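Note that this is a predicted model, so its numbers are computed, not measured.
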Amino acid sequence: MSDYDHWQKIQNYAKLQPMKDQTLDTSIRYIKGVGEAREKLMGKLGMFTLRDLVGYFPRAYEDRTLFSKIADLQIGQTVCVQAMAAAQPKLSHIRKGLDIVKVRVVDESGSLEITFFNQAFIKDAIKQGESYIFYGRISGTLLRPEMTNPIFEVKQGDGGAASLLKQHPRPLASPTLTGRIMPIYPLTAKLSQKIISSAVRHGLNECGDELPDVLPGEITRHYELCKARYAYENIHFPEDFKALDIARRRLIFEELFVLVVAMRLMRERRVEQSGKRIKMPNFEHFYKNLHFTPTGAQKRAIIEATEDMSEGKPMNRLIQGDVGSGKTLVAAACAWNVWQAGLQVAFMAPTEILAKQHMNSLTKLLEPMGMRVGLLTGAMTAKAKREMYAKLSLGEIDLVIGTHALISEGVHFHDLGLVITDEQHRFGVAQRSLLTEKGDSPHVLVMSATPIPRTLALIIYGDLDVSTIDEMPPGRREIETHIVGEHHRKRVYGFIEKLVKQGRQVYIICPMVEEEEVKQGDGGAASLLKQHPRPLASPDEPSPCPLKSAKEFHKHLSTEIFPELSVKLVHGKMKPKEKDAAMNSFASGEADILVATTVVEVGVDVQNAALIIVENADRFGLSQLHQLRGRVGRGEYESHCILFNSGKSEASRERLEIMKSTNDGFKIAEKDLSMRGPGDFFGSRQHGLPELHIANFATDMLVLNQAQNAAADVLKKDPELKSPQNRDLADQIKRMFELNTDKMN
């Protein structure tokens with residue numbers, strides 16, 4: 001099909017079917033083939049309405065359009081073969097739990113041996129003399145090719161179709177399984193590709209023509225984008241790869257365009273607010289009281305923040321910097337500036353141990369300058385809390401550092417001028433709002449130790465101004481990083497003993513809490529592999545050694561490997577008091593080894609820790625590994641990071657080599673983003689964005705630039721999106737905010 005023919009078909013696509021009464025917000029329960037039980041399963045994947053269903057995009061595609069004669073088959077090739085069953089399939093019971101069905105199929109060029117494991121029904125499903133299409137991976141030899149557990153269906157028009165459908169009925173108008181580009185969806189247990197694909201097909205039939213074209217007509221024309229109906233049809237059931245590319249480009253553009261418009265509206269809303277105007281100070285007095293010289297990057301961030309506070313609108317700034325770059329000093333300077341103006345400061349940390357760390361460091365820094373610093377946590381006695389409440393309301397505390405206890409009803413400030421949140425991704429917007437509401441439009445400073453490429457940060461934190469500390473203080477030790485395999489295990493244990501004898505401490509990080517957490521990829525990988533007996537498109541091969549669980553590994557180390565040492569355990573499923581007790585034991589130097597999950601990823605400062613070991617390191621993102629590595633090297637001792645690589649592919653090794661080659665978090669972030677994509681890069685809820693369903697910041701920067709230009713044009717003409725042509729866009733943005741209130745900054 002020519003470009004012109006494609007374009008004509010795209011423009012006319014929305015006219016093909018009449019409008020229906022079915023609404024996009026109807027429950028998926030009423031879609032044919034779903035029902036109550038599957039509705040619950042699909043809800044685990046975020047599908048509740050027809051809108052969710054048709055917006056659940058494939059994660060990959062299989063090209064099942066490639067047909068081959070048996071004589072032309074190549075070993076390792078995955079293709080469709082059209083062939084006739086030469087004999088009735090034979091069922092063999094090998095042992096309990098293992099049945100094998102074998103059938104020989106032929107075409108005019110040769111024969112192919114096909115084997116099915118534990119699919120006894122196929123003995124009667126395939127009939128001798130009838131023709132089928134088989135899709136699978138070729139194995140065996142060139143002289144005797146084989147196929148194992150292929151997808152198969154009756155050749156269209158063949159008389160045997162009826163008998164197969166009687167045994168395996170599927171909804172009418174459900175997509176064929178071969179001879180097409182097949183979508184592959186993320187799954188969960190008890191849901192198959194066929195179930196999802198069929199539900200999407202019926203969903204599109206019901207509501208496809210009600211899909212809103214949120215892009216204004218002038219935008220779709222200028223950027224030559226297809227209509228929404230065409231895009232959704234061909235993202236799920238592409239006619240060919242060109243149609244798929246056209247559909248993807250439209251949906252990527254739309255997703256990024258809506259996001260950029262939403263972020264710009266948030267920024268404009270903030271600019272319109274009025275806030276406390278704080279005069280720019282002379283920081284020389286502040287710097288003279290320090291025992292060190294701030295870096296140029298720290299001074300730049302301090303100036304950017306204090307300039308914000310002098311403009312008469314609420315500051316809303318993100319300070320992002322690598323582990324150990326000195327973000328806390330910037331927060332201290334801003335707090336000092338606000339105190340100079342006679343206002344109070346609240347500093348909220350995500351855990352009690354981090355709150356106490358900040359309390360110690362900021363007290364040493366700011367009390368000599370005259371500031372009164374206090375602590376408020378949930379673990380304090382009722383009497384101590386009441387005393388702190390009274391001091392805050394009377395203005396007798398200038399800077400209070402605390403946990404979620406700061407948002408308690410009993411907390412009232414005399415005059416709150418600045419709110420600081422550490423590791424901002426650990427707090428929902430509702431929690432931050434509760435704290436800022438305790439003052440009259442206070443300034444807001446948020447800090448993050450997850451380095452993000454600056455151009456991306458400006459988009460992600462759309463309603464925040466971004467300061468990046470990209471310079472490390474002098475004297476910060478680089479951490480030696482080593483990549484090892486399981487055969488180095490004894491040597492590593494010997495190294496641990498050596499360091500502990502020298503008085504040092506060790507972190508050991510495991511990828512999960514318990515054994516039963518083990519699963520492949522998305523929840524449906526196992527069921528998908530039953531249909532497609534070949535490796536899924538993942539960056540690494542399956543690990544040759546099992547995933548380490550923190551509970552079992554802690555027991556193994558404490559009883560069998562290091563019975564003479566103090567080995568503590570901490571993970572996210574522990575009760576807060578138990579977790580804090582274990583962390584405090586390690587922080588105080590009482591424990592020699594801390595076995596943990598990624599709960600120690602950010603903020604914890606144990607200067608005596610000189611070694612961190614990450615088990616199954618290939619299962620972590622590079623940015624996450626960098627955060628973990630930052631737990632050591634915080635004191636005067638030479639520090640090491642050992643990464644156990646359980647992957648056996650070259651790609652796994654190459655990815656971890658990046659960690660060995662640099663300690664620069666921003667360089668690692670760039671690599672991580674390009675290699676793994678935004679989902680793995682950010683991890684779970686570690687950014688201010690709504691979830692992206694199809695766009696990828698690593699690969700779609702060109703489209704993002706176009707979407708930014710388009711957003712600027714639309715908002716210039718219609719700043720409040722009140723014109724009729726922007727009604728669908730305004731509704732989409734409203735829906736985005738409703739669905740993502742806990743993620744948006």
Side-chain angles (χ1 to χ4, degrees), residues 290-292 298 319-336 345-368 371-380 384 388 397-406 419-427 435 445-450 469 472-473 476-477 504-505 507 568 570 572 574 576-591 594 596 598-610 612 627-637 639:
L290 302 178
H291 304 299
F292 55 89
Q298 286 174 311
I319 304 293
Q320 68 153 351
D322 210 343
V323 177
S325 61
K327 295 179 294 297
T328 305
L329 176 66
V330 178
C334 291
W336 178 82
V345 181
F347 189 127
M348 187 161 66
T351 65
E352 183 165 341
I353 192 168
L354 289 177
K356 287 179 178 177
Q357 277 182 196
H358 286 304
M359 173 71 182
N360 292 335
S361 60
L362 290 172
T363 298
K364 291 175 185 174
L365 201 61
L366 298 173
E367 275 195 346
M371 287 184 69
R372 296 164 295 182
V373 183
L375 178 70
L376 180 62
T377 69
M380 290 168 59
M388 183 54 63
I397 292 291
D398 303 311
L399 166 63
V400 62
I401 300 155
T403 56
H404 298 80
L406 290 173
V419 168
I420 303 170
T421 57
D422 185 27
E423 295 308 330
Q424 62 87 28
H425 65 266
R426 302 280 289 275
F427 297 102
L435 187 52
L445 184 74
V446 296
M447 303 196 300
S448 175
T450 304
I469 305 178
M472 298 298 284
R476 171 81 175 180
R477 282 180 175 270
R504 305 290 77 76
Q505 292 167 279
Y507 290 101
K568 296 292 183 180
V570 63
M574 293 169 68
K577 285 186 178 179
E578 294 175 349
K579 188 162 48 174
D580 287 344
M583 291 299 300
N584 287 328
S585 173
F586 190 70
S588 66
E590 176 191 330
L594 184 68
T598 55
V599 292
V600 299
E601 183 180 332
V602 288
V604 181
D605 187 2
V606 181
Q607 298 197 7
N608 192 45
I612 185 165
Q627 292 295 310
L628 290 167
R629 179 168 61 181
R631 297 310 95 222
V632 297
R634 305 175 78 88
E636 60 186 284
Y637 308 107
S639 297

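- Closest non-hydrogen pair, Gln320 versus Lys327, comes out as C-CD, 4.3 Å.
- Not counting sequence neighbours, Lys568 has no partner by the salt bridge (charged side-chain N to carboxylate O under 4.0 Å, His left out) test.
- Among the candidates Asp422, Ile353, Val373, Ile420, the single residue satisfying the side-chain contact (heavy atoms from CB on, under 4.5 Å) test with His358 is Asp422.
- Shown here for Ile612 and Arg629, the closest heavy-atom pair between the two residues is CG2-CA, 4.2 Å.
- Between Ser639 and Ala609, the shortest heavy-atom contact is OG-O, 4.0 Å.
- In this view, Asn584 satisfies the side-chain hydrogen bond (donor to acceptor under 3.5 Å, both in side chains) rule with no residue, not counting sequence neighbours.
- By the side-chain contact (heavy atoms from CB on, under 4.5 Å) test, Ala332 pairs with Phe286, Leu362, Leu365, Leu366, sequence neighbours left out.
- Contact record, Phe586 with Gln505: O-NE2, 2.7 Å, taken as the closest heavy-atom pair.
- Judged by distance alone, with hydrogens and angles left aside, the side-chain atoms of Thr363 form a donor-acceptor pair with the main-chain N or O of Met359 at under 3.5 Å.
- Here Met472 pairs with Asp322, Ser325, Arg476 under the side-chain contact (heavy atoms from CB on, under 4.5 Å) rule; sequence neighbours left out.
- Annotation: side-chain contact (heavy atoms from CB on, under 4.5 Å) contacts of Ala379 (sequence neighbours excluded): Glu352, Thr377.
- Asp580 is linked by a salt bridge (charged side-chain N to carboxylate O under 4.0 Å, His left out) to nothing, counting only residues two or more places apart in sequence or in another chain.
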